[in-house]
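Here the structure comes first, spelled out in structure tokens, and everything after it is commentary.
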2 protein chains.
Amino acid sequence: MVTDQAEPVLSGSPYRADCPTRHVLDRIGDRWTVLIVVALWDGSARFSELGRRIEGISQKMLTQTLRGLERDGLVRRTVYPEVPVRVEYGLTEAGRTLREPLRALQEWSIAHLGDVTAAQEVYDHTE
Amino acid sequence: MVTDQAEPVLSGSPYRADCPTRHVLDRIGDRWTVLIVVALWDGSARFSELGRRIEGISQKMLTQTLRGLERDGLVRRTVYPEVPVRVEYGLTEAGRTLREPLRALQEWSIAHLGDVTAAQEVYDHTE
DNA sequence: CGGAATCCGCCATGATACTG
DNA sequence: CAGTATCATGGCGGATTCCG
């Protein structure tokens, strides 16, 4: 996560702490990031519209996660100085490239959640 | 493994708390699950070999995460009653189906981590 | 070797209140 | 509407010890 101990490790280790996958997982592996990206891939949305789309997210986490995505260059924040102010969030070009890998994961979820749940029940029942 | 959902869960409708993607993210969205699955791609491995492959994981989390994957039916644990005992972990058929979506994510990481890091530096510098 | 059990710090998350 | 600020907390994950 944050702690990357400068430990000399054998160079054969395939899954080193600084590999790209680890970094990306640390960023999108939280509770809300993926959900926000998915919620935005049909088009931009306003702050409260996003909050309504993503059931259960708090205002704080919506703000915080959007800031992180903006910092990563995956989401663009646009302010329209109207009254009342309007703020739109949308995926950047880079953010849109995340669609395909995330869609693959989403389709896996839809296709296999049933199997996973069934396996859990067997496991819990027979242990 | 053909998914024939005419209308994806996320299109138009609120992103509900009980949708498959949320459940799966809650399961694989932790610190180690994905890394273990990836580490098992090439074949089974013993407990300590896994620990050596995945830099930074503690014994406790290795055990705990493997138990979760076993419960989900994604990893199979095989005990060989030798002396000393030998335990092998390998992906199940279901676990292997996770390879493609995770590989897509991995490739995205490799391809875009540089852009993300660069965007972060710009963001941190200009705010 | 392959764990189980225990203690514990810390941080991500959540609830609440306030603001421009 | 679109946030910011503050406080409380649950549990994730690390370190250590013990066991068959």
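Naming convention: chains lettered A, B, ... in sequence-line order (proteins, then strands); numbering from 1 in each chain.
Contact annotation: Ser48(B) side-chain N/O to dG2(C) OP1/OP2 distance is under 4.0 Å. Remark: Arg46(B) is not in phosphate contact with dC1(C), judged by side-chain N or O atoms under 4.0 Å from OP1 or OP2. The side chain of Arg77(A) places no N or O atom within less than 4.0 Å of a non-bridging phosphate oxygen (OP1 or OP2) of dA2(D). Phosphate contact (OP1/OP2 of dG3(D), side-chain N/O of Tyr89(A), threshold under 4.0 Å): present.
In this structure, Arg53(A) atom CZ and dA2(D) atom P are separated by 13 Å, rounded to whole Å. For Phe47(A) and dG20(C), the CZ to C1' distance is 15 Å, given to the nearest whole Å. Distance CZ (Arg31(A)) to P (dG11(D)): 11 Å, rounded to an integer number of Å. A straight line from CG of Leu66(B) to C1' of dG3(C) spans 11 Å, rounded to a whole angstrom. For the pair Gln59(A) CD and dA12(C) C1', the computed distance is 18 Å after rounding to whole Å. Per the geometry, CE belonging to Met61(B) stands 6 Å off C1' belonging to dC12(D), to the nearest Å. If you take NZ of Lys60(A) and P of dA17(C), they are 15 Å apart, rounded to a whole angstrom. When rounded to the nearest whole Å, the span between CG of Leu50(A) and C1' of dA2(D) equals 12 Å.
In this structure, Asp30(A) and Pro84(B) both approach DNA chain C, and ranking their closest nucleotides by distance from the 5' end singles out Pro84(B).
A heavy-atom distance below 4.5 Å is found between the side chains of Leu50(B) and Leu40(B). Between Gln59(A) and Phe47(A), some side-chain heavy-atom pair lies under the 4.5 Å cut-off. Residues Trp108(A) and Pro101(B) have side chains in contact (heavy-atom distance under 4.5 Å, counting atoms from C-beta outward).
Closest heavy-atom contact between Ser44(B) and Glu88(B): CB-OE1, 3.3 Å.
The side chain of Arg67(A) approaches dG3(D) more closely than any other nucleotide in the set dG14(C), dG3(D), dG14(D).
Taking the centre and axis of the six-membered ring of Trp41(A), the NZ or CZ atom of Arg103(A) falls inside the cone set by 45° and 6.0 Å.
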